[in-house]
Amino acid sequence: MGSTRLRYLRRVELPLDTIQLARYLIGKCIVHETRAGRLSGRIVETEAYPIGDPAAHSFRGQTPRNGSMFLARGHAYVYFIYGSSFMLNVSSERRGVGGGVLLRAFEPRDGIGVMERLRGTTRLIDLARGPGRLAEALGVDRELDGMDLCSSGPLRLARATEKGGRIGRSVRIGLTRAADRVLRFYERGSSFVSGPKALRG
DNA sequence: TTGGCGATTGGCT
DNA sequence: GCCAATCGCCAAT
C-alpha cells in the first residue's frame with residue numbers, strides 16, 4: 001500500500017494540450033505524501049479549461065490568483081471557491097500560456113483512513129466524489145498552489161497499475177459561461193464519478 | 001472601497 | 001431536487 005513503488009509521470013509524458021491532458025489523466029493516480037502517510041487515488045473524472053475558453057480563470061489574462069495556470073504543464077493550480085472548497089487543477093499548456101485541468105473525482109487508494117478523517121465521513125463513495133471533496137480528502141489547500149507535480153515534491157502524478165474502463169465525455173458541471181462545451185471526461189460506469197446519473201453512464 | 005458572483009457542498013424537503 | 005452558507009477575487013466605482 002503506502003510502500004508501493006510508484007511509477008511517477010514525467011512532464012514529457014503529459015500531452016501538451018489541455019483537452020488531451022484532461023482525457024489522458026483519467027485512470028492515472030494523484031499522490032500526496034503527507035506526515036500522516038501516503039494519500040492517493042485513481043482519477044476518474046476531469047474537466048478541461050483550455051486556451052480561449054470564457055469559463056477558464058485564465059481567460060482574462062494572468063492575475064495573482066491564477067498565476068499557476070500559466071506555469072508549464074504539470075503544476076498544481078489550487079484555488080478557493082464558494083467560501084468553502086479548494087479545487088485542485090493541473091496546469092496544461094506551455095509556460096506563459098494559461099490552461100488547466102480540474103480534477104473532479106478519484107477512486108481512493110492509499111490512506112483511506114486518513115482521508116475519512118479529513119473528510120469527516122466513512123462513506124468511501126463520498127470521499128472524493130466532487131472537486132471540493134477530492135481536495136479535502138487529499139489534504140490539498142492553497143499551500144500547494146504552484147507545486148510542480150513532475151518533480152520530487154509531496155504531490156505527484158503516477159501511473160495506475162491496472163487498466164481503466166472506457167472513457168465518457170460530457171458538458172462540464174456547474175458553469176454558466178461556455179456551458180455547452182463538451183470538455184468533461186470520466187470513466188464510464190464508475191460509482192466514484194460525480195454529477196447527475198445522466199452524466200455518469 | 002465595494003458589491004456581485006462563483007469550476008460546491010451538505011442538509012433539508 | 002432545492003437552497004442557503006460562505007469568502008476571496010476583481011471589475012467598477
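Quick note: numbers below take in every heavy atom, side chains included, and nothing from hydrogens, waters or symmetry partners. To find a chain, count down the sequence lines: A is the first, B the second, and so on, and within it residues start at 1.
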- Item | Contact summary for A:Arg23 and A:Ile167, nearest pair of heavy atoms | O-CD1, 3.9 Å
- Message: On a heavy-atom basis, which atom in A:Gly27 and which in A:Arg42 lie closest, and how many Å separate them?
- Response: O-CG, 3.7 Å
- Starting from the 5' end of DNA chain C, give me the residue, A:Arg142 or A:Ser84, whose nearest nucleotide shows up first. A:Ser84
- Considering every strand shown, what is the Watson-Crick or G-U wobble mate of C:dT13 when both distances are under 3.5 Å? none
- Given that both distances must come in under 3.5 Å, which nucleotide forms a Watson-Crick or G-U wobble pair with C:dG8? B:dC5
Return the value, rounded to whole Å, for the distance between atom [atom1] of [X] and atom [atom2] of [N].
{"X": "A:Asn66", "N": "C:dC10", "atom1": "CG", "atom2": "P", "result": "7 Å"}
{"X": "A:Phe185", "N": "B:dA7", "atom1": "CZ", "atom2": "P", "result": "19 Å"}
{"X": "A:Phe59", "N": "C:dA11", "atom1": "CZ", "atom2": "C1'", "result": "15 Å"}
{"X": "A:Arg181", "N": "B:dA7", "atom1": "CZ", "atom2": "C1'", "result": "14 Å"}
{"X": "A:Tyr77", "N": "C:dC9", "atom1": "OH", "atom2": "P", "result": "9 Å"}
{"X": "A:Arg60", "N": "C:dA12", "atom1": "CZ", "atom2": "P", "result": "9 Å"}
{"X": "A:Arg133", "N": "B:dG10", "atom1": "CZ", "atom2": "C1'", "result": "8 Å"}
{"X": "A:Ile173", "N": "B:dG6", "atom1": "CD1", "atom2": "C1'", "result": "16 Å"}

Using a 4.0 Å heavy-atom cut-off across all strands, classify [X] as base, sugar-phosphate, or nothing.
{"X": "A:Arg184", "answer": "nothing"}
{"X": "A:Arg172", "answer": "nothing"}
{"X": "A:Tyr82", "answer": "base"}

- Message: Side-chain N or O of A:Arg119 versus OP1/OP2 of B:dG10: is the shortest distance under 4.0 Å?
- Response: yes
- Message: Within the 4.5 Å heavy-atom criterion, are A:His57 and A:Tyr77 side-chain neighbours or not?
- Response: yes
- The single option from A:Leu144, A:Leu103, A:Leu155, A:Leu118 passing side-chain contact (heavy atoms from CB on, under 4.5 Å) against A:Leu138: A:Leu155
- Stepwise, does the side-chain hydrogen bond (donor to acceptor under 3.5 Å, both in side chains) test hold for A:Thr18 with A:Glu93? CA-CA 6 Å; A:Thr18 301; A:Glu93 296 288 338; 2.7 Å; yes
- Evaluate whether the aromatic ring of A:Tyr49 and the six-membered ring of the B:dA7 base sit under 5.5 Å apart, centre to centre, with an inclination under 30°. yes
- Closest to the 5' end of DNA chain B, once A:Glu47 and A:Asp126 are matched to their nearest nucleotides, is A:Glu47
